[in-house]
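Report on the structure given below.
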Protein chains: 2
Amino acid sequence: MNRYKGQLRILVAVDCIIFGFDGKDLKVLLIQRGFEPEKNKWSLMGGFLEANENLDEAANRILKQLTGLEDIYMEQIHAFSKVDRDVAERAVSVSYFALIDIARYEKQISYDYHAEWFLINEKPDLIFDHDEMVELARKQLQFKAAIQPILFELLPENFTISQLQNLYEGVYKTTFDKRNFIRKLMSTGLLIKLEVKDKSGSRKGAYLYKLDKRKYNAKLDVFFNYIHDRSELAQQN
Amino acid sequence: MNRYKGQLRILVAVDCIIFGFDGKDLKVLLIQRGFEPEKNKWSLMGGFLEANENLDEAANRILKQLTGLEDIYMEQIHAFSKVDRDVAERAVSVSYFALIDIARYEKQISYDYHAEWFLINEKPDLIFDHDEMVELARKQLQFKAAIQPILFELLPENFTISQLQNLYEGVYKTTFDKRNFIRKLMSTGLLIKLEVKDKSGSRKGAYLYKLDKRKYNAKLDVFFNYIHDRSELAQQN
DNA sequence: CCAAAAGTGTTTATACTACACCCATGA
DNA sequence: TCATGGGTGTAGTATAAACACTTTTGG
């Protein structure tokens, strides 16, 4: 086995932007760093790529370490590589975002890491280039969510329309007309209305909905083909 | 300066997917690898990240090395990290795509690397995971081009409508109705019709157009905000 | 009985699709 | 004169946006 002589070998890190939703607000999970350098400052959860794993596996390992969760929606965002981005040593870091439902998993989060949920707009300043990572992940989330129904990953299994609307409004920092909103969502054919009502949010109670998982998975696959073959999408239900 | 003990340090590579357009077809620039391992096989142009540069700078350095070109549209696509993706040694590679106008720059390409343009659909099999990189870059190009006018980077300064249409049809592997196509393109307000005609493609000659660079740059900025504030876009001309 | 959130339709404007014929020219 | 690519308009459909009142019920 030949090796490449005289080349630079450096640390490769993975940092996770973990988005969560509690039914009302969009949040991000941060930890207080437990080791030097920059000990005790707020940071994304991260770690170094190890010998026997690829980046996706590393991201999943790191997410599990902090939250105890597996099989979570994750996606690679971007490789960050400024020469002095890590004060201790040259390192490239690849950021990933993850989407989780806060209420369902809150108990499983490991408090070894002093993790806390922050409102996206009220988070503290982070170490290194982590602020930039969060900002890019937020844009990517907006972007993806506009063309793909990924935000359902942030919701509990059953949810109300206003929770869903709160989520979209949080992600896009705006408000939507609720009649137009529900019409559009319903036209995707992805929502199934349940008989049950959730009474926690109002006196009247709001109907719960759930995802049609079969259609949802089909739509995720079709993703990149959206330019042509809209007809296929239509047939597919 | 503290260092991170006991962690893996590896090679970080950059590989460039260089797309080109010759007025008729969409192509990709490949080289015949001049060194071991996998010497003489077809490959993307790549190189290793060096100590004094970030990934964007490395990608630009590598592009310049092969094509002599600077200030080219480039974009990071994805970090590839399978454990055994490089047969010689563990390496992560970050792919970039670049868009260039073949006709304008053909002469400057360095033939030290045995570079050749291939039709996207007729390229040879490539080493390592480079086929996967090209495929993802192609999808990303389709994707980006649908929401952002980046394909103009592939055209000469002045171009005809049918060149433009050929380009879009090549990128999306489809055909468009030419009346609807020009109407849509014109509605962006990005095209300026010139007095001059290009007589090379037909007897009648076709009017040349050029980009309104001022508006083009403005639109690139607005990119991620496309969800709200369409009104701003409208005002902006 | 009333505050607070849930739920529900219609109209208008805009964007997209499909479609076919004449024009100008050089060879 | 004719073959080749260039250029143009309209009608129908689908999608998106604006907009306000009634219902339910726990306290």
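To find a chain, count down the sequence lines: A is the first, B the second, and so on, and within it residues start at 1. Owing to the predicted nature of the structure, the values given are computational and were not obtained by experimental measurement. No hydrogens, no waters, no symmetry mates; every other heavy atom, side chains included, goes into these values.
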What's the [atom1]-[atom2] distance between [X] and [N], to the nearest Å?
{"X": "B/Lys197", "N": "D/dG5", "atom1": "NZ", "atom2": "C1'", "result": "11 Å"}
{"X": "B/Arg179", "N": "D/dG5", "atom1": "CZ", "atom2": "C1'", "result": "15 Å"}
{"X": "B/Phe181", "N": "D/dT8", "atom1": "CZ", "atom2": "P", "result": "15 Å"}
{"X": "B/Ile182", "N": "D/dT8", "atom1": "CD1", "atom2": "C1'", "result": "9 Å"}
{"X": "B/Lys193", "N": "D/dG6", "atom1": "NZ", "atom2": "P", "result": "13 Å"}
{"X": "A/Phe176", "N": "D/dA16", "atom1": "CZ", "atom2": "C1'", "result": "13 Å"}
{"X": "A/Lys178", "N": "D/dT22", "atom1": "NZ", "atom2": "C1'", "result": "11 Å"}
{"X": "B/Gln165", "N": "D/dG6", "atom1": "CD", "atom2": "P", "result": "10 Å"}

Near-ring test A/Phe181/A/Tyr168, centroid separation under 6.0 angstrom | yes
Would you say a side-chain N or O of A/Ser202 is under 4.0 Å from OP1 or OP2 of D/dG26?
->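 False: A/Ser202 side-chain N/O out of range (4.0 Å or more) of D/dG26 OP1/OP2.
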Short side-chain N/O contact from A/Ser162 to OP1 or OP2 of C/dA6, under 4.0 Å = yes
Any ion pair linking B/Asp131 and B/Lys123 (charged N to carboxylate O, less than 4.0 Å)?
-> yes
Ion pair A/Lys64/A/Glu70, N-O distance below 4.0 Å |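 Answer for the salt bridge query: yes.
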Is a side-chain donor or acceptor of B/His130 paired with a backbone partner of B/Leu44 at a separation under 3.5 angstrom?
-> yes
So, the side chain of A/Gln76 versus the backbone of B/Ala79: is there a donor-acceptor pair under 3.5 Å, distance only?
-> yes
Counting only distance, no hydrogens or angles, is the base of [N] paired donor-acceptor with the side chain of [X] under 3.5 Å?
{"X": "B/Arg183", "N": "D/dT10", "result": "yes"}
{"X": "B/Lys184", "N": "C/dA15", "result": "no"}
{"X": "B/Lys204", "N": "C/dA24", "result": "no"}
{"X": "B/Asn180", "N": "C/dA18", "result": "yes"}

Closest nucleotide of DNA chain D for B/Tyr209 versus for A/Arg203: which of these residues is on the 5' side?
-> B/Tyr209
